Amino acid sequence: MSQRTQNKPSAATSEPAPATFASLDPRTGAVLAEYPIHGADDVAAAVSRAREAAVWWAGLGFDGRRKWLRKWKAAIASDAQSLAEVIAAETGKPVDDAILEIMLAVEHLDWASKNAGKVLRRRKVSSGLVSANQESTLGYEAYGVVGVIGPWNYPFYTPMGSISYALAAGNAIVFKPSELTPGVAVWLSDKWKSLVPNQPVFQVVTGLGATGGALVEAGVDKVAFTGSGPTARKVMEACSKTLTPLVAECGGKDAMLVAADADLDAAADFAVFGGMGNAGQTCAGVERIFVADDVYDTFVEKLSAKAAQLRPGGESGASYGPMTLDRQNDVVRSQVEDALDKGAKAVLGGRESLRDPYIEPVILGDVPEDSTAMTEETFGPIVAVNRMRDLEDGVEKANRSSYGLGASIFTKNKAQALQAAENLRTGMVSVNSVLGFAGVPSLPFGGVGESGFGRIHGADGLREFARPKAVTRQKFRAPLNLLTMERKGRDMKIAAWMLKTMHGRG
Ligand code: NAD
(Lines give C-alpha, C1' and ligand atoms only; values in the text may rest on other atoms or scores of the structure.)
Protein backbone atom coordinates (compact mmCIF):
# COMPACT_ATOMS: atom_id res chain seq x y z
CA MET A 1 0.00 0.00 0.00
CA SER A 2 1.32 3.43 -0.91
CA GLN A 3 2.46 5.87 1.75
CA ARG A 4 -0.52 8.00 0.78
CA THR A 5 -2.99 5.36 2.01
CA GLN A 6 -4.17 4.35 5.41
CA ASN A 7 -6.77 2.12 7.04
CA LYS A 8 -8.59 3.82 9.86
CA PRO A 9 -10.30 1.74 12.55
CA SER A 10 -13.95 2.69 13.00
CA ALA A 11 -14.89 4.12 16.41
CA ALA A 12 -18.20 2.23 16.66
CA THR A 13 -16.93 -1.25 15.79
CA SER A 14 -13.55 -2.88 15.51
CA GLU A 15 -14.18 -3.37 11.76
CA PRO A 16 -11.76 -1.36 9.65
CA ALA A 17 -13.48 1.56 7.94
CA PRO A 18 -13.02 1.80 4.17
CA ALA A 19 -9.41 2.68 3.38
CA THR A 20 -8.69 6.22 2.43
CA PHE A 21 -5.82 7.90 0.72
CA ALA A 22 -4.44 11.37 1.07
CA SER A 23 -4.11 13.97 -1.61
CA LEU A 24 -0.86 15.86 -0.96
CA ASP A 25 0.50 19.25 -1.96
CA PRO A 26 3.75 18.29 -3.74
CA ARG A 27 5.28 21.67 -2.86
CA THR A 28 5.08 21.05 0.89
CA GLY A 29 4.02 17.43 1.37
CA ALA A 30 1.01 18.73 3.36
CA VAL A 31 -2.14 16.61 3.32
CA LEU A 32 -4.87 18.46 1.43
CA ALA A 33 -7.72 15.99 2.00
CA GLU A 34 -8.53 12.31 2.40
CA TYR A 35 -10.54 10.43 -0.21
CA PRO A 36 -12.11 6.97 -0.09
CA ILE A 37 -10.49 4.08 -1.89
CA HIS A 38 -13.49 2.78 -3.79
CA GLY A 39 -13.52 -0.98 -4.14
CA ALA A 40 -15.03 -3.20 -6.81
CA ASP A 41 -18.53 -3.07 -5.26
CA ASP A 42 -18.54 0.73 -5.06
CA VAL A 43 -17.37 0.97 -8.65
CA ALA A 44 -19.98 -1.54 -9.84
CA ALA A 45 -22.68 0.45 -8.04
CA ALA A 46 -21.52 3.65 -9.74
CA VAL A 47 -21.59 1.97 -13.15
CA SER A 48 -25.07 0.64 -12.49
CA ARG A 49 -26.31 4.13 -11.50
CA ALA A 50 -24.63 5.52 -14.60
CA ARG A 51 -26.39 2.96 -16.77
CA GLU A 52 -29.79 4.25 -15.64
CA ALA A 53 -28.77 7.88 -16.01
CA ALA A 54 -27.42 7.10 -19.48
CA VAL A 55 -30.94 6.27 -20.67
CA TRP A 56 -32.19 9.72 -19.62
CA TRP A 57 -29.11 11.39 -21.07
CA ALA A 58 -29.26 9.62 -24.44
CA GLY A 59 -33.01 10.35 -24.60
CA LEU A 60 -32.38 14.10 -24.38
CA GLY A 61 -30.89 14.06 -27.85
CA PHE A 62 -28.14 16.37 -29.05
CA ASP A 63 -30.03 19.61 -28.39
CA GLY A 64 -31.17 18.61 -24.91
CA ARG A 65 -27.68 17.51 -23.91
CA ARG A 66 -26.19 20.66 -25.31
CA LYS A 67 -28.28 22.74 -22.90
CA TRP A 68 -26.95 20.84 -19.86
CA LEU A 69 -23.38 20.88 -21.11
CA ARG A 70 -23.62 24.64 -21.64
CA LYS A 71 -24.82 25.05 -18.05
CA TRP A 72 -21.98 22.86 -16.79
CA LYS A 73 -19.51 24.85 -18.88
CA ALA A 74 -20.81 28.14 -17.48
CA ALA A 75 -20.63 26.80 -13.92
CA ILE A 76 -17.01 25.74 -14.46
CA ALA A 77 -15.92 28.92 -16.24
CA SER A 78 -17.53 31.26 -13.73
CA ASP A 79 -15.84 29.49 -10.82
CA ALA A 80 -12.53 28.83 -12.59
CA GLN A 81 -10.41 30.48 -9.93
CA SER A 82 -11.49 28.00 -7.26
CA LEU A 83 -10.86 25.07 -9.60
CA ALA A 84 -7.46 26.53 -10.51
CA GLU A 85 -6.55 26.63 -6.85
CA VAL A 86 -7.41 22.94 -6.42
CA ILE A 87 -5.35 22.07 -9.52
CA ALA A 88 -2.42 24.17 -8.27
CA ALA A 89 -2.55 22.62 -4.79
CA GLU A 90 -2.64 19.04 -6.05
CA THR A 91 -0.10 19.35 -8.86
CA GLY A 92 2.08 22.19 -7.54
CA LYS A 93 1.78 24.08 -10.84
CA PRO A 94 1.33 27.87 -10.81
CA VAL A 95 -2.31 29.04 -10.65
CA ASP A 96 -1.87 30.85 -14.00
CA ASP A 97 -0.97 27.54 -15.66
CA ALA A 98 -4.05 25.99 -14.08
CA ILE A 99 -6.25 28.80 -15.45
CA LEU A 100 -4.81 28.19 -18.92
CA GLU A 101 -5.58 24.48 -18.57
CA ILE A 102 -9.19 25.25 -17.61
CA MET A 103 -9.57 27.69 -20.48
CA LEU A 104 -8.45 25.11 -23.03
CA ALA A 105 -10.64 22.39 -21.54
CA VAL A 106 -13.70 24.62 -21.54
CA GLU A 107 -13.10 25.43 -25.24
CA HIS A 108 -13.29 21.69 -25.92
CA LEU A 109 -16.44 21.24 -23.86
CA ASP A 110 -18.02 24.08 -25.81
CA TRP A 111 -16.97 22.67 -29.19
CA ALA A 112 -18.06 19.13 -28.36
CA SER A 113 -21.50 20.22 -27.19
CA LYS A 114 -22.01 22.47 -30.24
CA ASN A 115 -20.82 19.99 -32.83
CA ALA A 116 -22.02 16.60 -31.59
CA GLY A 117 -25.29 16.85 -33.53
CA LYS A 118 -23.56 17.96 -36.72
CA VAL A 119 -21.08 15.08 -36.58
CA LEU A 120 -23.18 12.24 -35.20
CA ARG A 121 -26.76 12.86 -36.29
CA ARG A 122 -28.17 10.33 -38.78
CA ARG A 123 -27.61 11.45 -42.36
CA LYS A 124 -28.12 10.12 -45.87
CA VAL A 125 -25.11 8.66 -47.66
CA SER A 126 -24.74 7.66 -51.29
CA SER A 127 -25.91 4.12 -52.10
CA GLY A 128 -23.90 3.72 -55.32
CA LEU A 129 -25.15 2.48 -58.64
CA VAL A 130 -25.60 -1.19 -57.83
CA SER A 131 -27.67 -0.40 -54.73
CA ALA A 132 -29.49 2.60 -56.20
CA ASN A 133 -32.80 1.14 -54.99
CA GLN A 134 -31.68 1.60 -51.34
CA GLU A 135 -31.90 4.71 -49.25
CA SER A 136 -28.79 4.55 -47.05
CA THR A 137 -28.29 6.39 -43.80
CA LEU A 138 -25.50 6.48 -41.26
CA GLY A 139 -26.08 7.35 -37.63
CA TYR A 140 -24.05 7.12 -34.44
CA GLU A 141 -25.34 5.89 -31.13
CA ALA A 142 -23.79 6.30 -27.73
CA TYR A 143 -22.02 3.34 -26.16
CA GLY A 144 -23.83 3.73 -22.84
CA VAL A 145 -21.36 4.05 -19.96
CA VAL A 146 -17.78 5.16 -20.60
CA GLY A 147 -15.14 4.56 -17.92
CA VAL A 148 -12.57 7.38 -17.99
CA ILE A 149 -9.19 6.88 -16.28
CA GLY A 150 -7.02 9.97 -16.00
CA PRO A 151 -3.46 11.11 -15.24
CA TRP A 152 -2.25 13.85 -12.89
CA ASN A 153 -0.18 16.17 -15.10
CA TYR A 154 -3.14 18.06 -16.59
CA PRO A 155 -5.78 16.70 -14.22
CA PHE A 156 -8.57 18.79 -15.75
CA TYR A 157 -7.70 19.37 -19.42
CA THR A 158 -6.65 15.81 -20.18
CA PRO A 159 -9.62 13.80 -18.83
CA MET A 160 -12.02 16.48 -20.09
CA GLY A 161 -10.76 15.66 -23.58
CA SER A 162 -12.53 12.32 -23.17
CA ILE A 163 -15.33 13.36 -20.81
CA SER A 164 -16.65 16.31 -22.88
CA TYR A 165 -16.73 14.37 -26.13
CA ALA A 166 -18.17 11.20 -24.58
CA LEU A 167 -20.92 13.16 -22.81
CA ALA A 168 -21.79 15.15 -25.93
CA ALA A 169 -22.05 11.86 -27.84
CA GLY A 170 -24.68 10.72 -25.32
CA ASN A 171 -22.76 8.55 -22.83
CA ALA A 172 -22.76 8.61 -19.05
CA ILE A 173 -19.34 8.74 -17.40
CA VAL A 174 -17.68 7.10 -14.42
CA PHE A 175 -14.36 8.87 -13.95
CA LYS A 176 -11.41 7.51 -11.97
CA PRO A 177 -8.89 10.34 -11.60
CA SER A 178 -5.24 9.89 -10.73
CA GLU A 179 -4.64 9.23 -7.05
CA LEU A 180 -2.52 12.40 -7.08
CA THR A 181 -5.39 14.65 -8.16
CA PRO A 182 -8.71 13.36 -6.82
CA GLY A 183 -9.79 16.80 -5.58
CA VAL A 184 -9.97 18.19 -9.13
CA ALA A 185 -12.34 15.38 -10.17
CA VAL A 186 -14.50 15.73 -7.07
CA TRP A 187 -14.75 19.50 -7.68
CA LEU A 188 -15.99 18.72 -11.18
CA SER A 189 -18.55 16.14 -10.09
CA ASP A 190 -19.82 18.49 -7.35
CA LYS A 191 -20.45 21.07 -10.07
CA TRP A 192 -22.40 18.51 -12.07
CA LYS A 193 -24.41 17.46 -9.01
CA SER A 194 -25.25 21.08 -8.23
CA LEU A 195 -26.92 21.32 -11.65
CA VAL A 196 -28.45 17.85 -12.03
CA PRO A 197 -28.59 16.24 -8.59
CA ASN A 198 -30.85 13.35 -9.59
CA GLN A 199 -29.15 12.21 -12.77
CA PRO A 200 -25.67 10.79 -12.10
CA VAL A 201 -24.55 11.19 -15.68
CA PHE A 202 -21.10 12.16 -14.46
CA GLN A 203 -19.70 10.36 -11.40
CA VAL A 204 -16.27 10.07 -9.85
CA VAL A 205 -14.76 7.06 -8.11
CA THR A 206 -11.51 7.63 -6.24
CA GLY A 207 -8.68 5.31 -5.33
CA LEU A 208 -5.39 3.89 -6.49
CA GLY A 209 -4.63 1.74 -9.52
CA ALA A 210 -6.88 -1.08 -8.31
CA THR A 211 -9.92 1.23 -8.45
CA GLY A 212 -9.06 1.92 -12.09
CA GLY A 213 -8.73 -1.84 -12.62
CA ALA A 214 -12.16 -2.36 -11.03
CA LEU A 215 -13.68 0.26 -13.35
CA VAL A 216 -12.34 -1.51 -16.43
CA GLU A 217 -13.90 -4.77 -15.20
CA ALA A 218 -17.22 -3.27 -14.05
CA GLY A 219 -19.02 -3.78 -17.35
CA VAL A 220 -18.46 -0.33 -18.85
CA ASP A 221 -19.09 -0.13 -22.59
CA LYS A 222 -15.87 1.69 -23.45
CA VAL A 223 -12.72 2.72 -21.61
CA ALA A 224 -10.93 6.02 -22.22
CA PHE A 225 -7.50 5.69 -20.64
CA THR A 226 -4.85 8.40 -20.38
CA GLY A 227 -1.59 7.54 -18.66
CA SER A 228 1.59 5.58 -19.16
CA GLY A 229 2.21 2.80 -21.67
CA PRO A 230 2.77 0.09 -19.03
CA THR A 231 -0.60 0.83 -17.39
CA ALA A 232 -2.28 1.02 -20.81
CA ARG A 233 -1.07 -2.54 -21.45
CA LYS A 234 -2.69 -3.75 -18.21
CA VAL A 235 -5.92 -1.94 -19.06
CA MET A 236 -5.89 -3.40 -22.57
CA GLU A 237 -5.40 -6.90 -21.20
CA ALA A 238 -8.37 -6.45 -18.87
CA CYS A 239 -10.46 -5.02 -21.73
CA SER A 240 -9.59 -8.01 -23.89
CA LYS A 241 -11.50 -10.33 -21.54
CA THR A 242 -14.80 -8.71 -22.43
CA LEU A 243 -13.84 -7.21 -25.82
CA THR A 244 -14.42 -3.77 -24.29
CA PRO A 245 -13.20 -1.11 -26.71
CA LEU A 246 -10.44 1.18 -25.53
CA VAL A 247 -8.93 4.51 -26.46
CA ALA A 248 -5.39 4.83 -25.07
CA GLU A 249 -3.67 8.21 -24.79
CA CYS A 250 -0.16 7.49 -23.57
CA GLY A 251 3.24 9.11 -23.28
CA GLY A 252 5.36 10.99 -25.76
CA LYS A 253 8.93 11.81 -26.70
CA ASP A 254 8.10 14.71 -28.96
CA ALA A 255 10.70 16.14 -31.26
CA MET A 256 11.17 19.74 -32.41
CA LEU A 257 12.94 20.29 -35.73
CA VAL A 258 14.68 23.63 -36.25
CA ALA A 259 15.68 24.31 -39.86
CA ALA A 260 18.52 26.65 -40.83
CA ASP A 261 16.07 29.34 -42.02
CA ALA A 262 13.94 29.26 -38.83
CA ASP A 263 13.26 32.28 -36.65
CA LEU A 264 15.66 31.11 -33.94
CA ASP A 265 14.39 33.47 -31.23
CA ALA A 266 10.84 32.25 -31.68
CA ALA A 267 11.96 28.62 -31.84
CA ALA A 268 13.98 29.02 -28.63
CA ASP A 269 11.00 30.66 -26.91
CA PHE A 270 8.71 27.80 -27.87
CA ALA A 271 11.34 25.23 -26.96
CA VAL A 272 11.56 26.64 -23.44
CA PHE A 273 7.77 26.69 -23.10
CA GLY A 274 7.29 23.22 -24.61
CA GLY A 275 10.23 21.64 -22.77
CA MET A 276 10.16 23.28 -19.36
CA GLY A 277 6.55 24.50 -18.94
CA ASN A 278 4.63 22.50 -16.31
CA ALA A 279 8.09 21.28 -15.20
CA GLY A 280 8.28 19.27 -18.44
CA GLN A 281 5.36 17.12 -17.31
CA THR A 282 3.49 17.42 -20.60
CA CYS A 283 2.72 14.33 -22.67
CA ALA A 284 3.21 16.31 -25.89
CA GLY A 285 5.98 18.54 -24.48
CA VAL A 286 9.30 19.04 -26.26
CA GLU A 287 11.88 16.43 -25.20
CA ARG A 288 14.19 16.12 -28.22
CA ILE A 289 15.31 19.02 -30.40
CA PHE A 290 17.06 18.51 -33.73
CA VAL A 291 18.73 21.64 -35.09
CA ALA A 292 20.30 22.24 -38.51
CA ASP A 293 24.12 22.11 -38.21
CA ASP A 294 24.56 25.68 -39.52
CA VAL A 295 22.53 27.23 -36.72
CA TYR A 296 23.09 24.68 -33.95
CA ASP A 297 25.46 26.77 -31.83
CA THR A 298 23.42 29.97 -32.17
CA PHE A 299 20.20 28.16 -31.31
CA VAL A 300 21.71 26.43 -28.27
CA GLU A 301 23.03 29.79 -27.04
CA LYS A 302 19.60 31.43 -27.36
CA LEU A 303 17.84 28.46 -25.78
CA SER A 304 20.24 28.38 -22.83
CA ALA A 305 19.93 32.11 -22.23
CA LYS A 306 16.13 31.88 -22.13
CA ALA A 307 16.01 28.71 -20.01
CA ALA A 308 18.51 30.17 -17.52
CA GLN A 309 15.91 32.86 -16.70
CA LEU A 310 13.41 30.29 -15.40
CA ARG A 311 12.78 30.03 -11.68
CA PRO A 312 11.04 26.88 -10.51
CA GLY A 313 9.33 27.15 -7.15
CA GLY A 314 6.17 26.97 -5.13
CA GLU A 315 5.55 30.70 -4.82
CA SER A 316 3.27 32.69 -7.11
CA GLY A 317 5.21 34.00 -10.06
CA ALA A 318 7.42 30.90 -10.25
CA SER A 319 8.06 29.70 -13.81
CA TYR A 320 6.92 26.19 -12.96
CA GLY A 321 6.32 24.01 -9.95
CA PRO A 322 7.79 20.82 -8.53
CA MET A 323 7.72 17.30 -9.85
CA THR A 324 4.17 16.28 -8.98
CA LEU A 325 5.01 12.60 -8.65
CA ASP A 326 7.96 12.30 -6.29
CA ARG A 327 9.43 9.16 -7.89
CA GLN A 328 9.63 11.08 -11.18
CA ASN A 329 12.72 12.79 -9.75
CA ASP A 330 14.53 9.46 -9.86
CA VAL A 331 13.55 8.89 -13.49
CA VAL A 332 14.85 12.32 -14.46
CA ARG A 333 18.04 11.89 -12.43
CA SER A 334 18.82 8.53 -13.99
CA GLN A 335 18.24 9.90 -17.52
CA VAL A 336 20.49 12.92 -16.96
CA GLU A 337 23.21 10.74 -15.47
CA ASP A 338 22.92 8.14 -18.21
CA ALA A 339 23.23 10.83 -20.91
CA LEU A 340 26.23 12.52 -19.23
CA ASP A 341 27.94 9.18 -18.59
CA LYS A 342 27.53 8.31 -22.26
CA GLY A 343 29.14 11.58 -23.36
CA ALA A 344 26.38 14.18 -23.67
CA LYS A 345 27.37 17.80 -22.94
CA ALA A 346 25.70 19.62 -20.05
CA VAL A 347 24.92 22.87 -21.88
CA LEU A 348 22.82 24.27 -19.03
CA GLY A 349 22.61 22.72 -15.57
CA GLY A 350 23.35 19.07 -14.98
CA ARG A 351 23.36 16.70 -12.02
CA GLU A 352 23.28 19.64 -9.61
CA SER A 353 20.00 20.92 -11.11
CA LEU A 354 18.00 18.20 -9.38
CA ARG A 355 17.00 19.43 -5.96
CA ASP A 356 13.82 17.65 -4.83
CA PRO A 357 11.04 18.47 -5.40
CA TYR A 358 12.21 21.12 -7.90
CA ILE A 359 14.36 20.60 -10.95
CA GLU A 360 16.15 23.53 -12.55
CA PRO A 361 16.14 23.52 -16.36
CA VAL A 362 18.67 21.14 -17.89
CA ILE A 363 19.82 21.34 -21.52
CA LEU A 364 21.87 18.45 -22.82
CA GLY A 365 23.78 18.74 -26.10
CA ASP A 366 24.97 16.09 -28.56
CA VAL A 367 23.15 13.37 -26.65
CA PRO A 368 24.00 9.80 -27.72
CA GLU A 369 21.02 8.18 -29.41
CA ASP A 370 21.09 5.16 -27.14
CA SER A 371 20.82 7.15 -23.92
CA THR A 372 17.50 6.96 -22.11
CA ALA A 373 17.12 10.75 -22.42
CA MET A 374 16.63 10.05 -26.16
CA THR A 375 14.66 6.82 -25.97
CA GLU A 376 12.39 7.07 -22.89
CA GLU A 377 9.81 9.65 -21.86
CA THR A 378 11.53 12.08 -19.44
CA PHE A 379 8.64 14.08 -17.97
CA GLY A 380 10.92 16.70 -16.45
CA PRO A 381 12.34 20.12 -17.48
CA ILE A 382 15.11 18.53 -19.52
CA VAL A 383 15.68 18.82 -23.26
CA ALA A 384 18.18 17.02 -25.45
CA VAL A 385 19.48 19.12 -28.36
CA ASN A 386 21.10 17.26 -31.25
CA ARG A 387 22.16 18.11 -34.76
CA MET A 388 20.48 17.42 -38.09
CA ARG A 389 21.63 18.01 -41.66
CA ASP A 390 18.27 19.32 -42.86
CA LEU A 391 14.58 18.70 -42.25
CA GLU A 392 14.66 15.39 -44.09
CA ASP A 393 17.44 14.15 -41.84
CA GLY A 394 15.61 15.56 -38.79
CA VAL A 395 12.43 13.67 -39.67
CA GLU A 396 14.41 10.46 -40.03
CA LYS A 397 16.02 11.00 -36.60
CA ALA A 398 12.75 12.03 -34.94
CA ASN A 399 11.05 8.92 -36.30
CA ARG A 400 13.57 6.64 -34.58
CA SER A 401 11.46 6.87 -31.41
CA SER A 402 8.97 4.18 -30.46
CA TYR A 403 6.68 7.03 -29.33
CA GLY A 404 4.71 9.13 -31.80
CA LEU A 405 2.46 11.68 -30.12
CA GLY A 406 3.25 15.18 -31.43
CA ALA A 407 6.09 17.11 -33.04
CA SER A 408 6.95 20.64 -34.09
CA ILE A 409 8.81 22.10 -37.05
CA PHE A 410 10.37 25.54 -37.31
CA THR A 411 11.12 26.88 -40.78
CA LYS A 412 10.06 29.72 -43.07
CA ASN A 413 9.64 27.30 -45.96
CA LYS A 414 5.97 26.32 -45.93
CA ALA A 415 6.27 23.57 -48.52
CA GLN A 416 9.17 21.90 -46.72
CA ALA A 417 7.37 22.22 -43.40
CA LEU A 418 4.26 20.52 -44.73
CA GLN A 419 6.32 17.79 -46.39
CA ALA A 420 8.17 17.14 -43.13
CA ALA A 421 4.85 17.16 -41.23
CA GLU A 422 3.52 14.45 -43.56
CA ASN A 423 6.63 12.33 -43.04
CA LEU A 424 6.74 12.51 -39.24
CA ARG A 425 5.39 9.38 -37.60
CA THR A 426 3.16 11.18 -35.09
CA GLY A 427 -0.51 11.94 -34.56
CA MET A 428 -0.03 15.72 -34.54
CA VAL A 429 2.40 18.34 -35.80
CA SER A 430 2.70 22.11 -35.13
CA VAL A 431 4.57 24.32 -37.56
CA ASN A 432 6.29 27.42 -36.10
CA SER A 433 4.75 26.84 -32.66
CA VAL A 434 4.54 24.03 -30.13
CA LEU A 435 1.38 22.31 -28.98
CA GLY A 436 -0.62 24.43 -31.46
CA PHE A 437 -2.90 21.45 -32.13
CA ALA A 438 -3.90 21.06 -28.45
CA GLY A 439 -5.89 24.29 -28.46
CA VAL A 440 -7.82 23.64 -31.68
CA PRO A 441 -10.95 21.75 -30.65
CA SER A 442 -11.77 20.64 -34.18
CA LEU A 443 -8.49 18.72 -34.48
CA PRO A 444 -8.15 15.15 -33.20
CA PHE A 445 -5.57 14.46 -30.50
CA GLY A 446 -3.74 11.16 -30.11
CA GLY A 447 -0.65 9.27 -31.08
CA VAL A 448 0.83 6.23 -32.76
CA GLY A 449 3.05 3.42 -31.49
CA GLU A 450 3.94 3.64 -27.80
CA SER A 451 1.88 6.86 -27.59
CA GLY A 452 -1.34 4.89 -27.90
CA PHE A 453 -4.28 4.72 -30.28
CA GLY A 454 -7.70 6.21 -30.84
CA ARG A 455 -8.47 9.92 -30.76
CA ILE A 456 -10.02 12.46 -28.45
CA HIS A 457 -11.06 15.99 -29.58
CA GLY A 458 -12.67 17.04 -32.84
CA ALA A 459 -15.14 15.11 -34.95
CA ASP A 460 -12.98 11.98 -34.61
CA GLY A 461 -13.09 12.42 -30.84
CA LEU A 462 -16.90 12.48 -30.94
CA ARG A 463 -16.97 9.40 -33.17
CA GLU A 464 -14.58 7.66 -30.75
CA PHE A 465 -17.40 7.62 -28.23
CA ALA A 466 -20.22 6.45 -30.49
CA ARG A 467 -20.94 3.34 -32.51
CA PRO A 468 -21.73 3.85 -36.18
CA LYS A 469 -24.97 2.23 -37.21
CA ALA A 470 -25.73 1.65 -40.88
CA VAL A 471 -29.34 1.45 -42.09
CA THR A 472 -30.65 0.80 -45.58
CA ARG A 473 -34.28 1.09 -46.66
CA GLN A 474 -35.27 -0.53 -49.93
CA LYS A 475 -37.23 2.07 -51.87
CA PHE A 476 -38.20 -0.13 -54.80
CA ARG A 477 -37.48 -3.59 -56.11
CA ALA A 478 -34.09 -3.73 -57.80
CA PRO A 479 -34.15 -4.04 -61.61
CA LEU A 480 -31.53 -6.77 -61.18
CA ASN A 481 -32.76 -9.45 -58.81
CA LEU A 482 -29.48 -10.47 -57.23
CA LEU A 483 -30.35 -10.83 -53.56
CA THR A 484 -32.92 -13.54 -54.05
CA MET A 485 -32.81 -17.29 -54.52
CA GLU A 486 -34.96 -16.71 -57.59
CA ARG A 487 -32.39 -14.79 -59.56
CA LYS A 488 -32.23 -15.67 -63.20
CA GLY A 489 -29.25 -16.45 -65.43
CA ARG A 490 -29.97 -13.15 -67.24
CA ASP A 491 -29.53 -11.20 -63.98
CA MET A 492 -26.14 -12.80 -63.38
CA LYS A 493 -25.06 -12.14 -66.98
CA ILE A 494 -25.83 -8.44 -66.59
CA ALA A 495 -24.08 -8.38 -63.20
CA ALA A 496 -20.95 -9.98 -64.68
CA TRP A 497 -20.99 -7.46 -67.56
CA MET A 498 -21.35 -4.56 -65.12
CA LEU A 499 -18.48 -5.89 -63.01
CA LYS A 500 -16.18 -5.94 -66.05
CA THR A 501 -17.33 -2.63 -67.47
CA MET A 502 -17.29 -0.66 -64.24
CA HIS A 503 -14.17 -2.08 -62.58
CA GLY A 504 -12.21 -4.06 -65.15
CA ARG A 505 -10.14 -1.26 -66.59
CA GLY A 506 -7.87 -0.36 -63.66
P1 NAD B 1 -0.25 6.02 -14.88
O2 NAD B 1 -0.25 5.07 -16.01
O3 NAD B 1 0.62 5.74 -13.71
O4 NAD B 1 -1.71 6.17 -14.27
C5 NAD B 1 -2.80 6.62 -15.06
C6 NAD B 1 -4.09 6.23 -14.37
O7 NAD B 1 -4.23 4.82 -14.42
C8 NAD B 1 -4.19 6.62 -12.89
O9 NAD B 1 -5.48 7.10 -12.63
C10 NAD B 1 -3.94 5.31 -12.19
O11 NAD B 1 -4.54 5.23 -10.92
C12 NAD B 1 -4.62 4.34 -13.14
N13 NAD B 1 -4.18 2.95 -13.02
C14 NAD B 1 -3.05 2.45 -12.50
N15 NAD B 1 -3.03 1.10 -12.58
C16 NAD B 1 -4.18 0.74 -13.19
C17 NAD B 1 -4.74 -0.51 -13.59
N18 NAD B 1 -4.12 -1.65 -13.38
N19 NAD B 1 -5.94 -0.51 -14.21
C20 NAD B 1 -6.59 0.66 -14.45
N21 NAD B 1 -6.11 1.87 -14.09
C22 NAD B 1 -4.92 1.91 -13.47
O23 NAD B 1 0.08 7.44 -15.51
P24 NAD B 1 0.29 8.82 -14.75
O25 NAD B 1 1.63 8.78 -14.10
O26 NAD B 1 -0.90 9.17 -13.95
O27 NAD B 1 0.32 9.85 -15.95
C28 NAD B 1 1.49 10.19 -16.64
C29 NAD B 1 1.51 9.56 -18.00
O30 NAD B 1 0.34 9.96 -18.72
C31 NAD B 1 2.67 10.01 -18.85
O32 NAD B 1 3.20 8.92 -19.55
C33 NAD B 1 2.03 11.00 -19.81
O34 NAD B 1 2.73 11.17 -21.00
C35 NAD B 1 0.70 10.38 -20.02
N36 NAD B 1 -0.26 11.37 -20.52
C37 NAD B 1 -0.71 11.23 -21.81
C38 NAD B 1 -1.58 12.17 -22.33
C39 NAD B 1 -2.11 12.02 -23.72
O40 NAD B 1 -3.13 12.64 -24.02
N41 NAD B 1 -1.48 11.27 -24.61
C42 NAD B 1 -2.00 13.24 -21.55
C43 NAD B 1 -1.51 13.36 -20.25
C44 NAD B 1 -0.64 12.41 -19.75
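Please read all numbers here as calculations on a predicted model, not as lab measurements. Whatever order the structure lists ligands and atoms in, that order sets their numbers, starting from 1.
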Does ligand 1 have a heavy atom under 4.0 Å from the side chain of [X], from its backbone, from both, or from neither?
X	result
P177	backbone
A238	neither
I456	neither
V235	side chain
F379	side chain

For [X], does the [atom1] atom sit with more than 12 other heavy atoms under 6.0 Å from it, leaving out its own atoms?
X	atom1	answer
D41	CG	no
E422	CD	no
F273	CZ	no

Worksheet item: How are the rings of Y165 and H457 set relative to one another: parallel (under 30°), tilted (30 to 60°) or perpendicular (over 60°)?
Response: tilted
Practice problem: On the 0 to 90° scale, with breaks at 30° and 60°, tag the F175-F202 ring pair as parallel, tilted or perpendicular. | Solution: tilted
Would you say L180 and E90 make side-chain contact, with heavy atoms under 4.5 Å?
no
>> With heavy-atom distances below 4.5 Å as the criterion, would you say the side chains of V47 and L215 are in contact?
In response: yes
So does R311 get a backbone contact from the side chain of S319, meaning a donor-acceptor N/O pair under 3.5 Å?
yes
query = Is a side-chain N or O of N386 found less than 3.5 angstrom from the main chain of F290, in a donor-acceptor match?
reply = no
Near [X], which atoms of ligand 1 are under 4.0 Å from a heavy atom of that residue?
X	answer
I149	6 (C), 7 (O), 9 (O), 12 (C), 20 (C), 21 (N)
L405	41 (N)
T158	42 (C), 43 (C)
G213	19 (N), 20 (C), 21 (N)
S178	9 (O)
G251	32 (O), 34 (O)

Of the protein's non-hydrogen atoms, which lies at the shortest distance from [atom], and what is that distance?
atom	result
atom 40 (O) of ligand 1	F445 CE2, 3.3 Å
atom 5 (C) of ligand 1	T226 O, 3.7 Å
atom 35 (C) of ligand 1	G227 O, 3.4 Å
atom 31 (C) of ligand 1	E377 OE1, 3.4 Å
atom 4 (O) of ligand 1	T231 OG1, 4.4 Å
atom 21 (N) of ligand 1	G212 CA, 3.6 Å
atom 36 (N) of ligand 1	C283 CB, 3.6 Å
atom 27 (O) of ligand 1	P151 CB, 3.3 Å

Does the residue [X] have a heavy-atom contact with ligand 1, meaning some pair of atoms that are separated by less than 4.0 Å?
X	answer
G446	no
G452	no
W152	yes

(Q) The test is side chain to side chain contact (heavy atoms under 4.5 Å, CB included); show your working for V184 and T91 and say whether it passes. (A) CA-CA 10 Å; V184 175; T91 61; over 6 Å; no
N/O to N/O below 3.5 Å, does that happen between [X] and ligand 1?
X	result
S451	no
K176	yes
S228	yes
N153	no
E179	yes
G150	yes

NZ/NE/NH1/NH2 to OD/OE distance under 4.0 Å, [X] and [Y]:
X	Y	result
K253	E450	no
E396	R400	yes
E179	K176	yes
E369	K342	no

Taken to the nearest 0.5 Å, the spacing of L364 CG from I382 CD1 works out to 6.5 Å
d(L443 CG, M428 CE) to nearest 0.5 Å is 10.0 Å
